[in-house]
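Okay, so here's the structure we're looking at.
Numbering of ligands and ligand atoms starts at 1, following listing order.
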Amino acid sequence: MILALFLPVAALITAQLSRLYYYQQTKPVHAVINQQLQQVIKMVEYQVRLERDRLAVDLASAIAPADLENPGEIRSRLDRAVASRTFADLAVFYSPQTGPIMAFNPAAAQDRSEEQEQDSEVIAGSLKATYDAFLRILREGEESGRYKATEDVLVVLKRDRNQYNTVHYVAVKDAAKHTVGVLGFTLDRTYVREKLLPNAYRTIPAEEREKSLMDYVVVGVQSRETGDFLWSSEPFDWTQGDSQQRPRADARKLFDSALNFNFLLVKLKDKSIEQISREFWISNLVLVLGLAVVMFGGLLFTWRSVNREMELARLKSDFVSNVSHELKTPLALIRMFAETLELGRVRSAEKAQEYYTVMRRESERLTGLINNLLDFSRIEAGAKQYKFEPTSLPELVEQTLENYRYHLEEKGFKLEEKIDRELPEVAVDREAYSLCLLNLLDNAVKYSGDSRYVAVRLARENGSAKLEVEDRGIGIQRKDQEHIFEKFYRAGDPLVHNTKGSGLGLSLVQHVAQAHHGTVAVDSAPGQGSKFTLRVPIDDATRN
Ligand code: ADP
């Protein structure tokens with residue numbers, strides 16, 4: 001049975017543990033977190049691109065509608081547009097009809113005008129060379145709805161100092177909303193750092209943030225050329241990585257578009273992936289072990305109650321054989337003496353009288369036994385009804401002893417009686433109370449060993465009527481004392497097993513005591529004898 005119960009649980013727990021071990025080896029947590037970090041990167045990239053597109057469309061609409069017949073108008077609009085926007089470093093409008101028209105941001109120009117001019121030459125050159133392709137890409141983009149007529153297809157501005165910048169392209173419309181030219185511009189680095197990146201980060205929709213690890217990471221941008229950290233979503237020291245080339249980030253990626261030539265960095269704020277993975281592992285281990293403890297606890301409980309049931313089944317079968325044995329003996333005696341009398345084989349009248357007495361006594365024993373059985377079965381069925389009535393306990397006890405005295409004397413017992421006649425009336429069920437006393441006396445006699453002593457005392461104590469039945473018999477071991485009030489229980493002592501009994505007597509006494517809101521207790525030591533004490537409260541208003 002132990003195997004049947006414990007094996008499946010052990011198997012389950014082993015399986016869980018080996019699974020955990022497998023997890024520990026394959027590090028799925030790492031993979032999941034990495035995936036999440038990539039997700040964060042994608043989100044930031046996308047938002048940056050949206051922000052850039054917004055700027056590009058804003059700049060393009062400032063010079064639209066472009067009238068190619070009037071390049072002067074385009075130039076002045078372009079100048080104004082660039083001058084009034086801090087984000088554009090320089091801008092070049094190009095259409096085959098007008099050729100390149102350039103504008104520089106005066107605020108940014110001061111010491112960089114030469115560079116700016118070089119740059120715009122490069123942009124103008126590339127526009128001229130690939131204008132048709134640009135136009136096609138921008139139109140396709142617009143038609144597909146994928147991007148709002150902006151692109152950053154071509155990128156590189158190669159300068160003397162080997163620097164790079166991203167050029168952003170946007171279609172320019174005429175009055176009829178036809179694309180008639182392309183505008184290329186570069187973004188001001190300060191603007192990117194101070195406005196574009198913070199704006200993009202701030203405008204990530206709340207639901208996207210919640211779905212992702214966004215709130216648990218720091219996002220940063222690092223220039224690929226210089227290694228400078230341009231921006232960080234919150235103050236963070238990125239430099240503590242292995243080197244400038246490998247900053248302190250859990251994930252790193254070159255921007256896809258809009259800000260090419262910059263790295264996007266992501267770092268988990270409070271914990272490293274290692275830590276999270278370890279915590280995941282530990283918390284799972286704790287969970288599995290906790291579960292194991294609970295399961296084994298449950299099993300232990302099941303095992304114990306199954307054991308108890310089995311023990312009860314054994315006690316019941318003992319009970320049946322004990323009771324039938326106990327019924328058989330008086331019946332056999334009665335039958336034997338009745339037959340003797342019937343056949344007229346009794347010579348003297350005294351002998352006949354003696355036989356009658358035996359028959360009466362044995363039938364009394366039978367009645368007592370059957371009363372016990374009936375009471376017990378009523379109690380078990382929950383149908384036992386007690387009839388409480390004001391009773392003089394001294395009288396009831398004396399009367400019961402009187403009926404029993406014969407048994408005692410016959411067996412040579414000395415009865416010590418001490419009854420407090422001053423005891424007030426107590427509401428008890430007379431029959432049940434006297435049955436208790438009889439059961440206790442019966443036990444005292446049955447388990448008397450070699451002693452021939454029984455004491456019955458009735459007294460008042462702390463508002464209770466206290467009835468004591470004491471013997472100097474075989475006594476009861478401590479481990480049995482806990483159980484003797486349970487139904488069918490009989491002590492393992494061989495002395496007990498040689499004595500007839502059903503194991504019901506004391507459980508009845510206890511039931512009666514409880515029904516009277518009283519208690520029954522035992523005080524005993526093996527070889528020293530036993531004292532049973534039945535207490536019933538004298539003034540008990542709760543009893544009906
Ligand atoms: P029974 O006497 O029919 O076995 P009881 O319920 O009356 O059943 O008693 C339960 C057990 O308690 C007995 O089997 C015996 O082991 C123990 N016991 C009861 N009374 C005494 C006593 N006076 N002295 C020693 N053992 C006792």
Side-chain angles (χ1 to χ4, degrees), residues 311-312 314-330 364-380 384 400-401 404 407-408 411-416 432-457 466-515 519-534:
E311 173 69 5
L312 200 64
R314 191 183 62 75
L315 289 175
K316 271 186 186 160
S317 84
D318 283 1
F319 163 76
V320 171
S321 75
N322 282 335
V323 168
S324 17
H325 187 68
E326 237 187 307
L327 287 172
K328 258 202 296 250
T329 324
E364 267 171 19
R365 241 181 84 183
L366 270 181
T367 312
L369 186 69
I370 288 169
N371 275 346
N372 260 0
L373 287 178
L374 286 178
D375 264 9
F376 174 73
S377 78
R378 277 192 211 111
I379 287 171
E380 284 287 279
K384 174 73 188 168
T400 310
L401 285 177
Y404 201 78
H407 286 278
L408 290 172
K411 290 190 171 135
F413 272 84
K414 180 174 158 317
L415 175 66
E416 188 186 299
Y433 195 87
S434 117
L435 190 70
C436 285
L437 177 53
L438 282 178
N439 272 319
L440 294 176
L441 281 171
D442 232 19
N443 283 346
V445 171
K446 275 200 298 196
Y447 305 112
S448 57
D450 297 330
S451 111
R452 289 289 174 268
Y453 168 87
V454 186
V456 174
R457 298 180 204 101
K466 181 178 80 166
L467 177 69
E468 282 178 358
V469 178
E470 187 179 352
D471 63 62
R472 291 178 186 160
I474 61 174
I476 307 166
Q477 294 204 358
R478 186 146 285 278
K479 69 173 168 54
D480 288 323
Q481 288 182 18
E482 299 166 21
H483 299 293
I484 52 175
F485 295 101
E486 292 165 13
K487 59 188 176 187
F488 308 128
Y489 189 89
R490 309 198 69 215
D493 198 316
L495 280 172
V496 171
H497 276 267
N498 293 335
T499 320
K500 283 167 277 176
S502 60
L504 291 186
L506 288 181
S507 86
L508 280 174
V509 173
Q510 189 176 45
H511 193 272
V512 172
Q514 283 167 357
T519 55
V520 58
V522 63
D523 178 14
S524 176
Q528 309 274 303
S530 316
K531 184 167 84 183
F532 284 86
T533 310
L534 173 67

Closest non-hydrogen protein atom to [atom], residue and atom name please, with distance?
atom: atom 3 (O) of ligand 1; value: S502 N, 2.8 Å
atom: atom 7 (O) of ligand 1; value: N443 ND2, 2.8 Å
atom: atom 2 (O) of ligand 1; value: Y447 OH, 2.7 Å
atom: atom 12 (O) of ligand 1; value: I484 CG2, 3.2 Å
atom: atom 26 (N) of ligand 1; value: I476 CG1, 3.2 Å

For ligand 1, which atoms sit closer than 4.0 Å to a heavy atom of [X]?
X: Y489; value: 10 (C), 11 (C)
X: G505; value: 5 (P), 6 (O), 7 (O)
X: G503; value: 1 (P), 3 (O), 4 (O), 6 (O), 8 (O)
X: A491; value: 14 (O), 16 (O)
X: S530; value: 22 (C), 24 (N), 25 (C)
X: K446; value: 1 (P), 2 (O), 3 (O)
X: L504; value: 6 (O), 8 (O)
X: R490; value: 1 (P), 4 (O), 14 (O)

Kindly determine whether L315 and E311 satisfy side chain to side chain contact (heavy atoms under 4.5 Å, CB included), including the steps that lead there.
CA-CA 6 Å; L315 289 175; E311 173 69 5; 4.2 Å; yes
Taking a cutoff of less than 4.0 Å between a non-hydrogen atom of the residue and any ligand atom, is [X] in contact with ligand 1?
X: G475; value: yes
X: F485; value: no
X: N439; value: no

Do R457 and K531 have side chains that approach each other closer than 4.5 Å (heavy atoms only, starting at C-beta)?
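Sidechains of K531 and R457: in contact.
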When you compare the side chain of V522 with that of F485, does any pair of heavy atoms fall below 4.5 Å?
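F485 reaches V522 side chain to side chain.
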Nearest heavy atom to atom 23 (N) of ligand 1 wins, so pick from D471, L508, L506.
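That would be D471.
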